[in-house]
Amino acid sequence: MIPTPDLSHLKSADFQHVYEPAEDTFLLLDALEQDADELRNSKSLVCLEVGSGSGCVSAFAGAVLGPSTSLYLTTDINPYACRSTSTTGKQNGVPIEPVLASLTDPLRARLRHAVDILLFNPPYVPTDSDEAYDAQQKADIAGAWAGGHSGMDITDILLDQVEDILSPTGRFYLVAVKQNDIQGICARMQSQHGLKGEVALQRRAGREHLYVLKFTRQPSET
């Protein structure tokens, strides 16, 4: 069993501004651990986490891959999250490079078809779209959960960026809840972007039914 990253350096004051790892985080960690052997064998060179928050997930990805030459990049609109991610990487011996940015905006040209592991635990809670917009503009902790209409306002934007940056053998792991329309997300990624989706893990946590979806490119027909 791969241990959960050490977050003892983060205090309650930090979690006033940064999303504290919860059941959705741990489900994503479990999905990565489930695929650990395949991820190691894939010799992944670039791992990108969108919306890194505390940095827990990227630090865990580093533990999954073990000592390697992989590049660990993260983005977040929240400057507190970027600082937390950096310190979490140092605390756990993973050289994470956080970028203060929205989704993949400043990285898409540089990382075109280069990301081997793409991770996103989005703001998926259904809210009023204005609330989601305001949360993104304020770039604080509410931006980690307020998802707008059907909880998909932010995820919808990222879904249209995935094909541009995913490598030929890349994997995209997405956290979602039942209200996000799991089948609809998979159908959209297949029809619009040619990416095959499957449920990697699912778990009920209180009133939420959580999912981790995994998307990969389909092998070219010869």
Residue among Ser167, Ser70, Ser44 satisfying side-chain hydrogen bond (donor to acceptor under 3.5 Å, both in side chains) with Asp116: Ser167
Where the side chain of Ser42 meets the backbone of Leu39, is there a donor-acceptor pair that is under 3.5 Å apart? yes
Heavy-atom pair of closest approach, residues Ala176 and Ile182: CB-CD1, 3.7 Å
Take a 6.0 Å sphere around OH of Tyr173 and say whether it holds more than 12 heavy atoms from other residues, nucleotides or ligands. yes
If I take atom CG from residue Leu7 and atom CG from residue Asn92, how far apart are they, to the nearest 0.5 angstrom? 7.0 Å
Within the structure provided, determine whether Gln91 and Ser8 are in side-chain contact (heavy-atom separation under 4.5 Å). yes
With the side chain counted from C-beta on, respond yes when Ile141 and Gln16 share a heavy-atom pair under 4.5 Å apart, and no when they do not. no
Just do the side-chain contact (heavy atoms from CB on, under 4.5 Å) check on Leu119 and Phe60 with the steps written out, would you? CA-CA 11 Å; Leu119 307 164; Phe60 189 82; over 6 Å; no
Thr4 to Cys56 - nearest heavy-atom pair and separation: CG2-SG, 4.4 Å
Ser52 and Val57, any side-chain heavy atoms less than 4.5 Å apart: no
Separation between CG of Asn121 and CH2 of Trp145, rounded to the nearest 0.5 Å: 14.5 Å
Separation between CG (Leu73) and CD1 (Ile117), nearest 0.5 Å, reads 12.0 Å
I'd like to know if the side chain of Glu163 reaches the main chain of Gly194, judged simply by a donor and an acceptor atom lying under 3.5 Å from each other, with no hydrogens or angles considered. no
Please walk me through it: do Leu159 and Leu174 pass side-chain contact (heavy atoms from CB on, under 4.5 Å)? CA-CA 10 Å; Leu159 292 182; Leu174 172 71; 4.1 Å; yes
Heavy-atom count check: over 12 atoms from other residues, nucleotides or ligands less than 6.0 Å from Gln183 CD? no
Quick one: does Gln34's side chain have a donor or acceptor within less than 3.5 Å of a partner on Ala200's backbone? yes
Please say yes or no: joined through hydrophobic side-chain contacts below 4.5 Å, possibly via intermediate residues, are Leu111 and Val99 part of one cluster? no
Are Tyr80 and Phe15 connected in the hydrophobic side-chain network, where two residues link if heavy atoms are under 4.5 Å apart? no
For a side-chain contact (heavy atoms from CB on, under 4.5 Å) check, start with the C-alpha distance between Phe215 and Leu166, then their side-chain angles and the critical distance, and finish with the verdict. CA-CA 10 Å; Phe215 296 91; Leu166 203 64; 5.6 Å; no
Determine yes or no for a side-chain-to-main-chain donor-acceptor pair under 3.5 angstrom, with Thr85 supplying the side chain and Ala81 the backbone. yes
Determine whether Arg171 and Glu38 satisfy the following criterion, side-chain contact (heavy atoms from CB on, under 4.5 Å), listing intermediate values before the conclusion. CA-CA 11 Å; Arg171 298 163 181 244; Glu38 294 178 14; 2.6 Å; yes
Would you find a donor on one side and an acceptor on the other, under 3.5 Å apart, between the side chain of Ser58 and the backbone of Gly55? no
Within the 4.5 Å heavy-atom criterion, are Leu10 and Ser54 side-chain neighbours or not? yes
Are Val125 and Val177 packed together at the side-chain level, in the sense that at least one heavy-atom pair is separated by less than 4.5 angstrom? no
With no hydrogens and no angle check, just 3.5 Å: does a side-chain donor-acceptor pair link Asp24 and Tyr124? yes
Is there side-chain contact between Leu45 and Thr69, with at least one heavy-atom pair below 4.5 Å? yes
Nearest 0.5 Å, what's the CD-CD distance between Glu208 and Glu23? 9.5 Å
Short question: side chain of Ser129, backbone of Gly148 - any donor-acceptor pair under 3.5 Å? no
Let me know which of Gln136, Gln137, Glu131 forms a side-chain contact (heavy atoms from CB on, under 4.5 Å) with Tyr133. Gln137
Does a side-chain heavy-atom distance below 4.5 Å link Gln190 with Gln218? yes
Less than 4.0 Å between a side-chain N and a carboxylate O, is that true for Asp37 and Arg40? yes
Does NE2 in His149 sit with more than 12 non-hydrogen atoms of other residues, nucleotides or ligands closer than 6.0 Å? no
Do the side chains of Arg83 and Asp76 get close enough for a salt bridge, i.e. N-O under 4.0 angstrom? no
Between OG1 on residue Thr127 and CG on residue Asp153, distance to nearest 0.5 Å: 7.0 Å
For Asp130, does its backbone N or O pair with a side-chain atom of Asp128 as donor and acceptor, under 3.5 Å? yes
Work out which heavy atom in Ser84 is nearest to a heavy atom in Gly53; give both atom names and the distance. CB-O, 4.0 Å
State, yes or no, whether a side-chain contact exists between Asp164 and Arg112 at a heavy-atom distance under 4.5 Å. yes
CG on Leu118 to CD1 on Ile165, rounded to 0.5 Å: 4.5 Å
